[in-house]
K.L.:
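Pasting in a structure now, in structure tokens, and then I'll have a few things to ask.
Keep in mind that the numbers below use all heavy atoms, side chains included, and drop hydrogens, waters and symmetry copies. Remember, it's 1-based here, ligands and their atoms both numbered in the order they're listed.
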Amino acid sequence: MDIKENYTAIKNQLPAGVQLVAVSKTHPAEAVQEVYDLGQKVFGENKVQELMEKYPLLPKDIQWHLIGHLQTNKVKYIAPFIDTIQSVDSEKLLAEISKEAGKSSRTIKVLLQVKIAEEETKFGLETAEAKSLFQEYIDGKFPHAEITGLMGMATFTDDKEQVKREFLLLKGLFDELNQLKTLETLSMGMSDDFPAAIECGANSVRVGSAIFGRRDYSK
Ligand SMILES: *Cc1c(COP(=O)(O)O)cnc(C)c1O
């Protein structure tokens, strides 16, 4: 299958109202351009350096999402143009995003990344931390950041019930926070588990290898 067939097949599987973030990490700008030319405007990258290399080569109306762990000292590089930072996992990072967005006279959309996987994972907020950070946000602490939703990654496992349990956990938190202030985006699901994520309430999925093919990390 080539990129065009892959992309079309994925698009055909997404119900109306579910956003596709095409995850282009490790793939060259030409591959991004190919998918852009098919009508895709939202792309995800997980590393600042790689994003900074591709950004100048590609159309300016692409909405870039950062989906990987972000160090506070790198926020300044992407603040002038990033559409959404999906991987906010600390108060310090959220404060820095708000500060740098302010310097660029912008508001940056962010998702709180919440730990839902039963397996040990390095990044993501505990549920309680996410709640208290959201409350600080409601209280006006991060004026140039807009929390538009939540992001989570399920355990990498063949156990479909476990994956669903984890997704439903995040859906529950989403519904709870949504009572306090309206949220738009529940980002969960990748190439292998996006249908399950959608069943569990995701309205945004992050799909990489099912569009662009397998990643080669040896280069
Ligand atoms: C790489 C990545 C994806 C996409 O993974 P695929 O399995 O290639 O679809 C989604 N979300 C995050 C956070 C990623 O790092």
Side-chain angles (χ1 to χ4, degrees), residues 1-14 18-28 31-32 34-35 38 40 42-54 62-71 74 78 82-90 93 97 109-117 119-125 130 148-160 162-163 166-167 169-171 174 185-219:
M1 294 255 277
D2 65 5
I3 287 184
K4 183 175 180 188
E5 285 173 43
N6 290 345
Y7 177 73
T8 309
I10 295 289
K11 284 296 278 184
N12 287 339
Q13 286 175 69
L14 298 182
V18 174
Q19 177 192 53
L20 172 64
V21 178
V23 177
S24 47
K25 65 189 187 198
T26 78
H27 297 285
V32 178
E34 195 178 337
V35 175
L38 298 170
Q40 179 68 21
V42 187
F43 290 88
E45 287 282 338
N46 71 333
K47 292 206 168 80
V48 169
Q49 193 187 333
E50 192 178 342
L51 175 54
M52 297 307 290
E53 285 166 15
K54 283 176 203 171
I62 286 182
Q63 294 162 33
W64 289 104
H65 286 215
L66 194 84
I67 60 171
H69 181 66
L70 176 58
Q71 290 173 301
K74 294 196 174 152
I78 59 172
I82 198 83
D83 180 80
T84 302
I85 298 173
Q86 294 209 4
S87 42
V88 171
D89 59 0
S90 73
L93 178 59
I97 291 167
K109 289 180 271 184
V110 308
L111 306 183
L112 299 182
Q113 181 177 353
V114 181
K115 258 186 208 171
I116 51 170
E119 71 183 356
E120 267 305 302
T121 45
K122 268 194 283 184
F123 303 118
L125 298 155
T148 58
L150 304 179
M151 186 269 258
M153 269 188 281
T155 303
F156 187 69
T157 172
D158 290 333
D159 183 345
K160 291 210 162 65
Q162 180 181 349
V163 168
E166 295 174 356
F167 285 149
L169 199 71
L170 195 61
K171 171 70 163 108
F174 180 85
T185 306
L186 180 54
S187 169
M188 41 187 207
M190 321 196 338
S191 291
D192 290 333
D193 58 12
F194 76 85
I198 293 168
E199 270 179 53
C200 295
N203 61 11
S204 182
V205 295
R206 309 175 307 272
V207 179
S209 39
I211 297 171
F212 292 99
R214 282 177 57 188
R215 285 181 289 275
D216 179 359
Y217 286 103
S218 66
K219 281 185 276 187

K.L.:
What is the closest protein heavy atom to atom 15 (O) of ligand 1, and at what distance does it sit?
P.N.:
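Residue, atom and distance for the closest contact: Lys25 NZ, 2.7 Å.
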
K.L.:
I'd like to check which ligand 1 atoms, numbered from 1 as shown, lie under 4.0 Å from a non-hydrogen atom of Val207.
P.N.:
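Here the atoms of ligand 1 in question are 9 (O).
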
K.L.:
Which ligand 1 atoms, with their elements, are less than 4.0 angstrom from a heavy-atom of Met153?
P.N.:
13 (C)

K.L.:
Starting from atom 10 (C) of ligand 1, what is the nearest protein heavy atom, named by residue and atom, and what distance separates them?
P.N.:
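Going atom by atom, the protein heavy atom closest to atom 10 (C) of ligand 1 ends up being Met190 SD, 3.3 Å.
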
K.L.:
With the side chain counted from C-beta on, respond yes when Gln86 and Arg206 share a heavy-atom pair under 4.5 Å apart, and no when they do not.
P.N.:
yes

K.L.:
Ignoring hydrogens, what is the shortest heavy-atom contact between Val207 and Met190? Give both atom names and the distance.
P.N.:
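Nearest heavy atoms, Val207 then Met190: CG2-C, 4.4 Å.
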
K.L.:
For Arg215 and ligand 1, answer yes if some heavy atom of the residue is under 4.0 Å from a ligand atom, otherwise no.
P.N.:
yes

K.L.:
For a quick test of reading the model, state the closest non-hydrogen atom pair linking Gly208 to Ser191 and the distance between them.
P.N.:
N-OG, 3.6 Å

K.L.:
Heavy atoms only: give me the nearest Tyr7-Gln40 pair and the separation to one decimal.
P.N.:
OH-OE1, 2.8 Å

K.L.:
Among all protein non-hydrogen atoms, which one is nearest to atom 9 (O) of ligand 1, and what is the separation to 0.1 Å?
P.N.:
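Nearest protein contact, heavy atoms only, for atom 9 (O) of ligand 1 is Ser191 OG, 2.5 Å.
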
K.L.:
Side chain to side chain donor-acceptor pair (under 3.5 Å) for Thr155 and Glu119? Distances and angles first, verdict last.
P.N.:
CA-CA 6 Å; Thr155 303; Glu119 71 183 356; 4.6 Å; no

K.L.:
Return the residue, atom name and 0.1 Å-rounded distance of the protein heavy atom closest to atom 7 (O) of ligand 1.
P.N.:
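Residue, atom and distance for the closest contact: Ser209 OG, 3.6 Å.
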
K.L.:
Taking a cutoff of less than 4.0 Å between a non-hydrogen atom of the residue and any ligand atom, is Ile67 in contact with ligand 1?
P.N.:
yes

K.L.:
Once you measure the plane-to-plane angle for Phe43 and Trp64, does it fall in the parallel (<30°), tilted (30-60°) or perpendicular (>60°) bin?
P.N.:
tilted

K.L.:
How close does the nearest protein non-hydrogen atom get to atom 11 (N) of ligand 1, and which residue and atom is it?
P.N.:
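Protein heavy atom with the smallest distance to atom 11 (N) of ligand 1: Arg206 NE, 2.8 Å.
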
K.L.:
Output yes when Glu45 and Lys54 qualify as a salt bridge under the 4.0 Å nitrogen-oxygen rule, no when they do not.
P.N.:
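Looking at Lys54 together with Glu45, the answer is yes, because their closest N to O distance falls below 4.0 Å.
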
